[in-house]
Amino acid sequence: MKIVVLEGSPNKNGSSNMLADSFIRGAKEAGHSVQVIDAAHANVHPCIGCIRCGYEGPCVQKDDMESIRPAILDADMMVFVTPLYYYGMSAQLKTLIDRFCAFNSSIQRKRMKSALLTVAWNSDNWTFDALEAHYKTLVRYLDLKDQGMVLGRGCGTTSMTKHSGYPEKAYELGLSV
Ligand SMILES: Cc1cc2nc3c(=O)[nH]c(=O)nc-3n(C[C@H](O)[C@H](O)[C@H](O)COP(=O)(O)O)c2cc1C
């Protein structure tokens, strides 16, 4: 299976990408091919809501989405990777997801698999309630098949994350998909 990993953290060597790296290691061991899309550093502009795409067509904005769109549509699975920012996903990842507007039906038709990998400073049991609800709503709306979530509580620094069980959980998820 072809997997695209959408990385939404501005910290290339941060905690979110630590989970992504572990997931990728597991997924490759399981025989999958993986393409990483660094959404946080890509040249992707916010959707301007013009609807010139008609919700399924070429976007008026000519930026890195021109290569990201075919990469996503060529894949069987999407993995969303993000730090928790004010109890939601990062603006960087959300900006990319909003651009799905121009190929929404194509994504829905594919019935892709998906997963969520995320980290946060807080460790309260409600830390990921809002992000989890958002992810599950995206799964429902985009007709995705959820393969699992790794919700890294108490992962405020790379050292905290490294010493938590979450990288291992991400590895196991990668191995299992
Ligand atoms: C702008 C911003 C907002 C944040 N919001 C939250 C939050 O709402 N809850 C929380 O627990 N941690 C929050 N954090 C902490 C990060 O989620 C946490 O440090 C995470 O490990 C960063 O991941 P990274 O290394 O991939 O950047 C925030 C950090 C930043 C920079």
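Keep in mind that the numbers below use all heavy atoms, side chains included, and drop hydrogens, waters and symmetry copies. Ligands are counted one by one from 1 in listed order, and the atoms in each one are counted from 1 as well.
- Among all non-hydrogen protein atoms, the one lying nearest atom 10 (C) of ligand 1 is Trp121 N, 3.6 Å.
- Scanning the protein heavy atoms around atom 31 (C) of ligand 1, the nearest turns out to be Tyr85 CE1, 3.7 Å.
- Every atom of ligand 1 with a heavy atom of Gly156 under 4.0 Å away is listed here by number and element: 19 (O), 21 (O).
- Of the protein's heavy atoms, Pro83 CB, 3.7 Å lies nearest to atom 22 (C) of ligand 1.
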- [ ] Begin from the C-alpha positions of Asp38 and Lys12 and carry the test salt bridge (Lys or Arg N to Asp or Glu O under 4.0 Å) through to its verdict.
- [x] CA-CA 9 Å; Asp38 184 355; Lys12 288 188 192 230; 3.7 Å; yes
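- For atom 4 (C) of ligand 1, the choice among Asp124, Leu131, Leu84 with the nearest heavy atom turns out to be Leu84.
- Under a 4.0 Å N-O distance rule, the pair Asp143/Arg109 does not qualify as a salt bridge.
- Of the residues Ile37, Leu117, Val79, the one that meets the side-chain contact (heavy atoms from CB on, under 4.5 Å) test with Val5 is Val79.
- Counting only heavy atoms from C-beta outward, the side chains of Met160 and Ser164 never approach each other to under 4.5 Å.
- Heavy-atom contacts from other residues, nucleotides or ligands closer than 6.0 Å to NZ of Lys110 number more than 12.
- Any N or O atom pair closer than 3.5 Å counts here, and Thr157 shares no such pair with ligand 1.
- At a heavy-atom cutoff of 4.0 Å, ligand 1 is contacted by the backbone of Cys155 but not by its side chain.
- Other residues, nucleotides and ligands contribute more than 12 heavy atoms inside 6.0 Å of the CG atom of Asp124.
- In summary, the atoms of ligand 1 found under 4.0 Å from a heavy atom of Val119, numbered by their order in the structure, are 17 (O), 20 (C), 21 (O), 23 (O).
- The atoms of ligand 1 that sit less than 4.0 Å from any heavy atom of Asn11 are 24 (P), 25 (O), 27 (O).
- Protein heavy atom in closest approach to atom 5 (N) of ligand 1: Tyr86 N, 2.9 Å.
- Between Ala130, Gly88, Ser16, Ala120, it is Ser16 that holds the heavy atom closest to atom 26 (O) of ligand 1.
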- [ ] Would you sort out whether His41 and Asn43 count as a side-chain hydrogen bond (donor to acceptor under 3.5 Å, both in side chains), showing the intermediate values?
- [x] CA-CA 7 Å; His41 298 93; Asn43 177 30; over 6 Å; no
TODO: Given side chain to side chain contact (heavy atoms under 4.5 Å, CB included), test Thr157 with Thr161 step by step and report yes or no.
DONE: CA-CA 6 Å; Thr157 64; Thr161 307; 5.9 Å; no
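- Checked against a 3.5 angstrom limit, the closest N/O atoms of Tyr87 and ligand 1 fall inside it.
- What sits closest to atom 25 (O) of ligand 1 on the protein, heavy atoms only, is Ser15 N, 2.8 Å.
- Considering only non-hydrogen protein atoms, atom 24 (P) of ligand 1 sits nearest to Ser9 OG, 3.5 Å.
- Donor-acceptor pairing under 3.5 Å is recorded for the side chains of Asn104 and Tyr141.
- Annotation for ligand 1: atoms under 4.0 Å from non-hydrogen atoms of Asn122 are 10 (C), 11 (O).
- Under 3.5 Å, the side chains of Asp21 and Tyr171 contain no donor-acceptor pair of N or O atoms.
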